[in-house]
**Student:** 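One structure follows; several queries about it will come next.
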Amino acid sequence: MPNKKEPIAIIGGGLTGLTTAFYLKRAGISFHLFEKKERVGGVIETANENGFIYERGPNSGVLSHPETVELFEHLGGKCSLELADQTAKKRLIWKGKKWHALPSGLVGGINTPLFSLYDKVRILGEPFRPKGNSPEERLDEMVRRRLGKSFLNYAVDPFILGIYAGDPSWLVPKYALPKLYSLEQNYGSFIGGAIKKKREGKSEREKKATREIFSVKAGLSQLINVLEEEIGKENITVRCTGLQVNKGENGSYSITHGSKNETFNTIISTTGGHEIPNIFPFFPSGETGKITQMKYAKVVQFSLGFKKWEGIPLNAFGGLIPFKENRGLLGVLYLSTIFKGRAPENGALFSVFVGGLRKPELFELNDLELTALVEKEFAAMMGINQFNPDLLKIHHYKYAIPQYGPESKEKLEAISRLEKENPGIILAGNIRDGIGMSDRIKQATSIVQKITGVN
Ligand SMILES: Cc1cc2nc3c(=O)[nH]c(=O)nc-3n(C[C@H](O)[C@H](O)[C@H](O)COP(=O)(O)OP(=O)(O)OC[C@H]3O[C@@H](n4cnc5c(N)ncnc54)[C@H](O)[C@@H]3O)c2cc1C
């Protein structure tokens, strides 16, 4: 952490950068935020069109850390959390030729066709299986060892598609799912650990992390707009392409973009890993290579809106399609069920995902080919004869979701060395500490707490 503080530069105006700036401002610390694009918000962007309120990037987050709830508290009602509707509790998994509800209780678990009888019986022995002793073990190995193959294929695989658009045979639980990894390490079992943790009780602060699904009233851009307003436009520079950091005098750093050159003592970078070598040209390539080797899932997101929905009932959160089913889609989110008012009455709004780590070739299709694929798959899975959406938008993300795989240890060690050898530089963003919106808010909060020394 920096031994010298102000002035501070934040590079990147996504959720991580904006939350960092917001808390620095609250702490009375001077800073400036530099954003490459013409607007802040990063991948978060809500659009309002033709009676539909849709997201171009993330659709919803999980209240997995108290920091997320506290950010909204600190924003003092200027924008409000919106929690998922109760009708969106059910999660669907595609198997064979139809959707099946992911069971949440014992009876559902016994009756579901998603898992094999062998694994259903075998799961009773999960609390008694020895805990893993390889911190670098991949997720598929861990799940096969503790739960069985059908749980891997029809529970964990789709869960991982929904969060990471990823591959359980690449992700390493210690870095990608640290809470699950700790359950096994600390309690010896997922099931036993979950029960014991529940019994241990929670502090009032921990209780804020309800794990409910959230968005923001009128869309996630409302949060971005309020953060931008609170930070103050005078503290933000957009359109700074080609930005570079160089070492200055007395341990300071200079930031150059265009013809401008400014000096800072602390630099907080919040961009994706692929940007780091360009931003910090003085970092040894051997070290940055350990960061850029991290894979990203490439994802295409379709926003589909129907003014009159005539397909299957939409009383669920949405459906995920296990890789084993070999279909063209990763999943479908029923957004107008999750959050009310996102589509005209009797209509429906969906996000449909294509690509992911195991199907990168789909990302290379042109929009006509992608639309033909989505039309065929969506119509078959969602029970419509005619594919005539009133809204069809396609959003491409080459660097959608970082994958915390076997390179994570080397990557995190390189980040620590670079920060140690360059006091005042903080390498943040989703290259570490989690990929979800709540993780981003938590990371930003803790960076500012370390700078100010105030919790
Ligand atoms: C399609 C998609 C769906 C997602 N779904 C979910 C979800 O359902 N739930 C969830 O919790 N999370 C989801 N996520 C993840 C979540 O959106 C991210 O974790 C979060 O928004 C990332 O915020 P960030 O600020 O770290 O990064 P970003 O939003 O990527 O912001 C980084 C910023 O840095 C800027 N930048 C880059 N390079 C430079 C440079 N050289 N100089 C200056 N600025 C630069 C960029 O322009 C950008 O504004 C999703 C992500 C994507 C892409």
Side-chain angles (χ1 to χ4, degrees), residues 9-22 32-46 54-65 68 84 161-166 211 213-215 220-221 223-224 227-228 236-245 255-258 267-281 296-303 317-318 320 330-331 333 335 338-339 351-356 363 394-402 427-444 447:
I10 301 164
I11 304 173
L15 184 58
T16 313
L18 292 173
T19 309
T20 308
F22 171 69
H32 198 84
L33 187 148
F34 297 89
E35 165 56 47
K36 176 167 85 170
K37 296 207 175 128
E38 64 293 338
R39 52 168 275 280
V40 291
V43 294
I44 296 175
E45 194 178 2
T46 313
Y54 64 94
E55 302 286 352
R56 296 198 163 106
N59 288 286
S60 61
V62 181
L63 291 179
S64 46
H65 308 297
T68 308
L161 286 178
I163 298 178
Y164 275 91
R211 300 209 57 81
I213 301 292
F214 76 91
S215 175
L220 290 165
S221 276
L223 172 62
I224 300 303
L227 283 171
E228 187 180 18
I236 300 175
T237 303
V238 290
R239 294 190 200 90
C240 26
T241 45
L243 178 147
Q244 274 198 350
V245 176
I255 285 195
T256 356
H257 60 99
I267 310 268
I268 306 169
S269 140
T270 70
T271 72
H274 49 287
E275 296 276 349
I276 287 177
N278 302 328
I279 296 175
F280 300 99
Y296 281 79
K298 299 173 184 177
V299 171
V300 181
Q301 179 172 196
F302 274 69
S303 301
F317 185 81
L320 291 161
L330 296 168
L333 289 182
L335 284 163
I338 307 172
F339 301 116
S351 264
V352 179
F353 299 91
V354 179
F363 188 84
I394 311 175
H395 324 289
H396 303 257
Y397 290 94
K398 189 171 174 193
Y399 296 101
I401 314 280
L427 298 176
N430 61 14
I431 54 171
R432 60 178 172 91
D433 302 334
I435 58 151
M437 288 189 283
S438 276
D439 300 319
R440 307 289 80 246
I441 293 170
K442 181 179 179 190
Q443 184 193 59
I447 286 172

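In each ligand, atom 1 is the first atom listed, and ligand 1 is the first ligand listed.
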**Student:** Tell me, with the steps shown, if H257 and T241 meet side chain to side chain donor-acceptor pair (under 3.5 Å).
**Tutor:** CA-CA 7 Å; H257 60 99; T241 45; over 6 Å; no

**Student:** Show the atoms of ligand 1 that are less than 4.0 angstrom away from any heavy atom in P58.
**Tutor:** 3 (C), 4 (C), 5 (N), 6 (C), 7 (C), 13 (C), 14 (N), 17 (O), 50 (C)

**Student:** Suppose we call two aromatic rings close when their centres sit under 6.0 Å apart. Are H32 and F34 close by that rule?
**Tutor:** yes

**Student:** Would you check whether R56 has a nitrogen or oxygen atom less than 3.5 angstrom from a nitrogen or oxygen atom of ligand 1?
**Tutor:** no

**Student:** Would you call the rings of Y399 and Y296 parallel, tilted or perpendicular, taking 30° and 60° as the class edges?
**Tutor:** perpendicular

**Student:** Which of the atoms in ligand 1, numbered in the order shown and given with their element, are less than 4.0 Å from a heavy-atom of T271?
**Tutor:** 34 (O), 36 (N), 37 (C), 38 (N), 39 (C), 45 (C)

**Student:** Who's closest to atom 53 (C) of ligand 1 heavy-atom-wise, of A400, G42, G13?
**Tutor:** A400

**Student:** With respect to E35, determine whether any N or O atom, backbone or side chain, lies less than 3.5 Å from an N or O atom of ligand 1.
**Tutor:** yes

**Student:** Can you check whether M437 has an N/O within less than 3.5 Å of an N/O in ligand 1?
**Tutor:** yes

**Student:** How far is atom 7 (C) of ligand 1 from the closest protein heavy atom, and which atom is that?
**Tutor:** S60 O, 3.0 Å

**Student:** Report the part of K36 in contact with ligand 1, treating N, CA, C, O as backbone and CB onward as side chain, heavy atoms under 4.0 Å; options are side chain, backbone, both, neither.
**Tutor:** both

**Student:** For ligand 1, which part of I435 has a heavy atom less than 4.0 Å away: the side chain, the backbone, both, or neither?
**Tutor:** backbone

**Student:** Is it true that R39 and E228 have a side-chain N and a carboxylate O under 4.0 angstrom from each other?
**Tutor:** no

**Student:** Heavy-atom distances under 4.0 Å are what count here, so tell me which part of V43 touches ligand 1: side chain, backbone, both or neither.
**Tutor:** both

**Student:** Sequence neighbours excluded, which residues qualify as side chain to side chain contact (heavy atoms under 4.5 Å, CB included) partners of L33?
**Tutor:** I10, L18, A21, E35, V40, I236

**Student:** Ligand 1 versus Q301, non-hydrogen atoms closer than 4.0 Å: side chain, backbone, both, neither?
**Tutor:** side chain

**Student:** Report, in ascending order of atom number, the atoms of ligand 1 lying under 4.0 Å from any heavy atom of K37.
**Tutor:** 47 (O)

**Student:** Contact between G272 and ligand 1, counting heavy atoms under 4.0 Å?
**Tutor:** no

**Student:** Is I401 in contact with ligand 1, taking contact as a heavy-atom separation below 4.0 Å?
**Tutor:** yes

